[in-house]
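Below is one structure, written out as C-alpha cells; comments come after it.
Please read all numbers here as calculations on a predicted model, not as lab measurements. When a ligand or atom number is given, it counts from 1 through the structure's own listing order. Keep in mind that the numbers below use all heavy atoms, side chains included, and drop hydrogens, waters and symmetry copies.
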Amino acid sequence: ALTAGIVGLPNVGKSTLFNAITKAGAEAANYPFCTIDPNVGIVEVPDERLDKLTELVVPKKTVPTAFEFTDIAGIVKGASKGEGLGNKFLAHIREVDAICQVVRCFADENVTHVAGKVDPISDIEVINLELILADLESVEKRLQRVGKMAKQKDKDAMVEEPVLVKLRDAFEDEKPARSVEFTEEELRVVKGLHLLTIKPMLYVANVAEDEIANADENEYVQKVREFAKVDNAQVIVVCAKIEEEMAELDEEEKAMFLDELGIKESGLDQLVKAAYQLLGLATYFTAGVQEVRAWTFRKGMKAPQCAGVIHTDFERGFIRAETVSYDDLVANGSMASAKEAGKVRLEGKEYIVQDGDVMLFRFNV
Ligand code: GDP
C-alpha cells in the first residue's frame with residue numbers, strides 16, 4: 001500500500017501527532033492488511049459520500065477505506081553525511097511515497113526548541129537541505145558515469161545527461177526536484193532516479209491549542225504557506241495536542257469538541273485527505289445490502305485493476321463492471337431508479353475508474 005512518512009525535527013510534535021493517528025486507527029475495524037509495525041499507523045479515510053450511501057442502501061455494515069502513515073524518527077542536521085541515525089533516516093524516506101513534514105508553529109516556553117527559538121522556515125530548510133544534499137550526491141555519482149557514456153554517444157546517456165545537469169544545478173541552488181519544471185520526457189528520466197526531493201511534500205503546521213481556530217492569523221503559519229508556494233508543496237494546519245485528545249472521542253463527542261473549538265474538520269481528517277490527494281489516490285464504492293464499502297485506487301487505474309483491489313480473483317476473472325457515478329446514484333435515490341434512468345453503465349476492461357464510481361464487478365471464477 002502507498003504510505004506517507006511523517007518527519008520533522010525533534011520536539012515539533014511528531015510523536016503527539018503519530019499517537020493521535022494510532023489511537024484513532026485502533027478504533028477502526030480490523031483491516032486485513034493491518035501491519036504490526038509499530039512505526040505504521042492506519043487511519044480511516046473520512047468520506048461523507050460513504051455516509052450518504054449508507055443512508056440510501058441501509059447495509060448490514062459500512063466499511064471505510066484506510067490509509068497508512070509511517071513514523072520516521074531521527075532527522076538531525078548532518079543526516080546526509082550519515083550523522084546520528086542519518087543514513088537510516090534517509091533510507092526510510094526512500095521507501096515512502098509522500099512526505100508529511102511536521103513544523104513547529106507553537107510557542108510554548110515549556111517545550112525546548114532544538115535551535116533555541118521557534119522558526120518554522122529555518123526548521124524546514126534544515127530538513128530539506130539534508131534531503132537535497134542526499135539527492136545531490138546520488139545525481140553527481142550518476143553524472144560521472146552517464147557523462148562518460150554520453151561522450152561515447154550512448155543514446156540513453158545522451159538523453160539522461162542534461163536532465164542530471166539540470167537537477168544538479170537545482171540542488172546546488174538548494175532547490176528540491178519537485179520545484180523544478182520538467183518536460184514529459186525529462187520527467188521519465190527523473191522518475192527512474194528515485195530521488196528524495198521529487199516526492200510530494202505536505203507541511204503540517206503544528207499550532208498551539210488557542211490558535212487553531214484562527215490559525216491563518218498565526219504569523220508562522222503564514223510564513224510556511226508562502227514558503228510552500230515556491231517549494232511546490234502543500235500545507236495543512238493542526239494542533240497535535242488537540243488531535244491526540246480527540247482521537248479518544250467517539251463521533252458525537254468529536255463533533256461537539258470541534259464545534260467548541262470553532263473548527264469544521266479535525267486536523268487529522270484534513271491530514272488524511274491531503275495525503276490521499278498528494279498520492280493521487282481516489283475512492284470507488286461497492287454498495288450492496290450486506291456491505292457498503294469504500295476502496296482506494298490510484299487515479300488512472302482501469303476497472304480490472306480496481307477490481308483487483310478487492311481480490312486478485314476479481315482482476316483475473318474480470319468480465320465487466322456495472323458502474324454508476326455517486327452523483328447519479330444519489331440524484332436518483334436508488335440503484336433501481338438509476339438503472340431506469342439509464343445512468344448505470346456496463347464498463348469493460350479499458351474503463352478508467354473515476355473517483356466516486358459505485359461499482360458492481362462481474363467476473364468468472
Ligand atoms: P517530537 O519530538 O517531534 O516527536 O515531539 P513530541 O510530539 O514529543 O512533542 C514535544 C513536546 O511538545 C511534548 O511535550 C508535547 O506535549 C509538546 N507538543 C506537541 N504538540 C503540541 C501542541 O500542539 N501544542 C503544545 N502546546 N505542545 C505541543
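Under a 4.0 Å heavy-atom criterion, Cys239 is in contact with ligand 1.
Between Val12 and ligand 1, at least one pair of N/O atoms sits closer than 3.5 Å. Geometrically, ligand 1 and Gly13 share a nitrogen or oxygen pair separated by less than 3.5 Å.
Contacts with ligand 1 closer than 4.0 Å are made by no heavy atom of Val102, backbone or side chain. If you look at Ile242 next to ligand 1, there are no close heavy atoms at all, none under 4.0 Å.
If you check which protein heavy atom lies closest to atom 26 (N) of ligand 1, you get Asp108 OD2, 3.0 Å. In this structure, the protein non-hydrogen atom closest to atom 17 (C) of ligand 1 is Val111 CG2, 3.9 Å. Protein heavy atom in closest approach to atom 27 (N) of ligand 1: Phe106 CE1, 3.4 Å.
Taking only non-hydrogen atoms, the option from Leu9, Asn11, Thr16, Leu17 nearest to atom 19 (C) of ligand 1 is Thr16. Closest to atom 22 (C) of ligand 1 by heavy atom, among Glu244, Lys14, Arg104, Lys241, is Lys241.
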Worked check of side chain to side chain donor-acceptor pair (under 3.5 Å) between Tyr220 and Asp123: CA-CA 11 Å; Tyr220 300 133; Asp123 288 3; over 6 Å; no

Steps toward side chain to side chain donor-acceptor pair (under 3.5 Å) verdict (Thr65, Thr283): CA-CA 8 Å; Thr65 188; Thr283 303; over 6 Å; no

Tyr284 and Val309: CA distance, side-chain angles, deciding distance, side-chain contact (heavy atoms from CB on, under 4.5 Å) verdict: CA-CA 10 Å; Tyr284 76 82; Val309 172; 4.2 Å; yes

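The Ala240 neighbourhood of ligand 1 comprises atoms 20 (N), 23 (O), with distances under 4.0 Å to a heavy atom of that residue. Taking every non-hydrogen atom of Glu209 and a distance limit under 4.0 Å, the qualifying atoms of ligand 1 come out as 24 (N), 25 (C), 26 (N).
Residues Tyr276 and Thr296 bring a donor and an acceptor atom of their side chains to less than 3.5 Å of each other. A side-chain donor from one of Asn128 and Gln101 sits under 3.5 Å from a side-chain acceptor of the other. No donor-acceptor contact under 3.5 angstrom links the side chains of Asp47 and Tyr326, judged on distance only.
A salt bridge links Lys23 with Glu248: the closest approach of a Lys/Arg side-chain nitrogen to an acidic carboxylate oxygen falls below 4.0 angstrom.
Contact annotation for atom 13 (C) of ligand 1: protein absent (non-hydrogen atoms, distance under 4.0 Å).
In terms of modelled atom types and a separation under 3.5 Å, the side chain of Asp173 and the main chain of Lys175 share no donor-acceptor contact.
Taking the side chain as every heavy atom from C-beta outward, Pro59 and Thr54 approach each other to under 4.5 Å.
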